[in-house]
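In what follows, a structure is listed as structure tokens, so that the remarks can point back to it.
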Amino acid sequence: MPATLIVNARLVNEGREFDADLLVENGRIARIDGQIAARPGDQVIEAGGRWLLPGMIDDQVHFREPGLTHKGDIASESAAAVAGGLTSFMDMPNTNPPTLDAAALEAKYALAKGRAWGNYGFYFGASNDNLDNIRTLDPKAAPGVKVFMGASTGNMLVDDPDILDGIFREAPTPIITHCEDTPTIDANMAAFKAKYGDALTAEMHPDIRSREACIKSTRLATSLARKHGSRLHVLHVSTADELALFTPGPLFQADGRRKRITAETCIHFLRFDRADYATLGNLIKCNPAIKDAGDREALVKALASDVLDVLATDHAPHTLEEKEKPYAQAPSGLPLVQYALVAALELVHEKKLKLAQVVQKFAHAPAQLFDVKGRGFLREGYAADLVLIDHDPFTVKREDVLGKCGWSPFEGRTFQHRVAATWVNGRMVWNGEQLVGTPVGQRLEFDR
Ligand code: DOR
């Protein structure tokens with residue numbers, strides 16, 4: 001592979017923005033310097049002052065393979081991800097079959113080999129009856145153990161208190177949780193049905209999948225983690241109220257110790273709110289629900305002040321046909337990977353987040369929290385997973401959507417920045433217009 005030399009870029013890394021050249025050799029970042037002279041044979045890319053970031057690492061996606069491939073698959077969804085500047089992904093276990101044992105986990109890695117455009121990790125799933133499998137899980141085989149502490153797509157609810165206690169006591173990897181209290185949601189649903197019969201609408205979703213359900217479950221997760229000293233990562237925080245359950249501060253304390261309880265929010269909670277159900281309806285129905293404008297603003301501030309540690313997508317594609325069903329039957333989840341980074345950069349444009357904070361939350365932090373080896377930073381010797389960002393506004397159009405479900409909740413929105421190029425393991429895979437080359441994603445390694 002010829003070396004690639006990216007010149008005159010504005011690098012964004014580890015809290016700093018600076019002008020530099022970056023040399024890629026053999027899939028890795030070989031050198032970062034003020035000026036690097038091109039050698040014969042080097043492929044030179046003129047960045048012209050555009051931003052060069054480490055590729056984003058999405059710690060929460062549903063790429064639907066195996067078993068749900070009419071909605072998406074590893075090839076289609078990872079293609080959309082690299083077009084959006086996301087170069088690594090960690091995929092959820094609520095597939096068919098669900099990922100509940102080592103054989104199912106390895107089968108997923110086998111499915112991704114040679115087909116994933118980005119680098120891949122697969123979570124191990126918890127159920128009410130696989131504690132033995134969790135106990136014996138090889139900690140290097142999965143980023144973490146996913147626990148549905150609230151029922152959602154798939155039947156993976158863990159609600160046996162003894163099993164939950166056992167998971168928090170014994171999991172050999174970080175525990176990552178979906179926190180929504182199912183009995184609270186069931187009671188809300190029963191009350192809404194009694195009142196409205198079949199006339200339920202998407203506007204009711206944030207009151208059925210209510211903030212109280214989120215708070216109750218997140219409180220339980222954090223108390224179990226405190227009791228056992230577990231490494232807990234709470235996924236997709238959607239309310240202002242839950243924020244008090246997390247400790248503000250950087251991932252690493254002065255003595256080098258890492259935060260034990262961390263939390264993630266997702267791009268849709270930062271870009272949509274209750275008012276959007278009127279126009280988007282079931283398209284933005286997801287679990288947990290998108291809530292109020294006040295929650296949205298509090299979540300952005302919580303990212304900026306390090307109460308929340310990670311930004312992710314929870315990319316969860318469903319077909320338009322499925323989404324067009326009445327509210328109660330329409331599945332929850334929305335496709336997000338292709339436009340999540342440019343949507344996050346709107347927050348920079350609006351001066352609500354700093355550019356370096358987006359990189360921290362969407363690339364550095366997931367790498368550090370999950371012990372990802374050699375990725376997530378612009379550092380010499382690290383994998384050349386890179387994204388070049390152009391300052392060139394564009395409007396999202398349905399025909400440009402690469403994911404299999406073929407729609408985006410952002411259609412018609414204009415973003416100030418676009419992804420001009422993406423490299424995975426040193427190979428350009430997105431040239432700003434289309435995919436190039438072949439899938440070169442590698443299995444993520446967890447250095448623990
Ligand atoms: O909205 C959601 N969709 N939330 C989940 O927890 C699951 C996901 C899916 O798989 O569709």
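Remember, predicted model here, so these are calculated numbers, not experimental data. Whatever order the structure lists them in is the order used to number ligands and atoms, beginning at 1.
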Atom indices of ligand 1, in the order listed, that fall short of 4.0 Å to a heavy atom of His62: 7 (C), 8 (C), 10 (O)
Phe394-His417 aromatic ring centre distance below 6.0 Å: no
Ring-face cation contact, Tyr327 with Lys285, 6.0 Å cut, 45° max: yes
Distance in Å, His62 NE2 paired with Leu334 CG, rounded so as to fall on 0.5 Å steps: 10.5 Å
Sub-4.0 Å atoms of ligand 1 with respect to non-hydrogen atoms of Ala316: 3 (N), 8 (C), 9 (C), 11 (O)
For atom 3 (N) of ligand 1, closest protein heavy-atom neighbour: Ser332 O, 2.9 Å
Phe148: numbered ligand 1 atoms lying under 4.0 Å from its heavy atoms: 6 (O)
Residue His178 vicinity, atoms of ligand 1 by number, heavy atom under 4.0 Å: 6 (O)
Atoms of ligand 1, numbered as shown, that sit under 4.0 Å from any heavy atom of Cys286: 1 (O)
Ligand 1 contacted by Arg64 (non-hydrogen, < 4.0 Å): yes
His236 ring center near His178 ring center (under 6.0 Å): yes
Ligand-side contact atoms (ligand 1) for residue partner His318, heavy atom cut-off under 4.0 Å: 11 (O)
Arg274 atom CZ, over 12 foreign heavy atoms within 6.0 Å: yes
Identity and distance of the protein heavy atom lying nearest atom 5 (C) of ligand 1: Ser152 OG, 2.9 Å
Shortest protein heavy-atom distance from atom 4 (N) of ligand 1, along with the residue and atom involved: Asn287 O, 2.8 Å
Ligand 1 contact on Asn94 by region, counting heavy-atom pairs under 4.0 Å: side chain
Phe370 ring center near Phe446 ring center (under 6.0 Å): no
Flag for Asp207-Asn188: side-chain donor and acceptor within less than 3.5 Å: no
Cationic tip of Arg443 above Tyr109 ring, under 6.0 Å, 45° of axis: yes
Close approach of Met92 to ligand 1, heavy atoms, under 4.0 angstrom: no
Enclosure of Glu433 CD (heavy-atom neighbours >12, cutoff 6.0 Å): no
Atoms of ligand 1, numbered as shown, that sit under 4.0 Å from any heavy atom of Thr153: 3 (N), 7 (C), 8 (C), 9 (C), 10 (O), 11 (O)
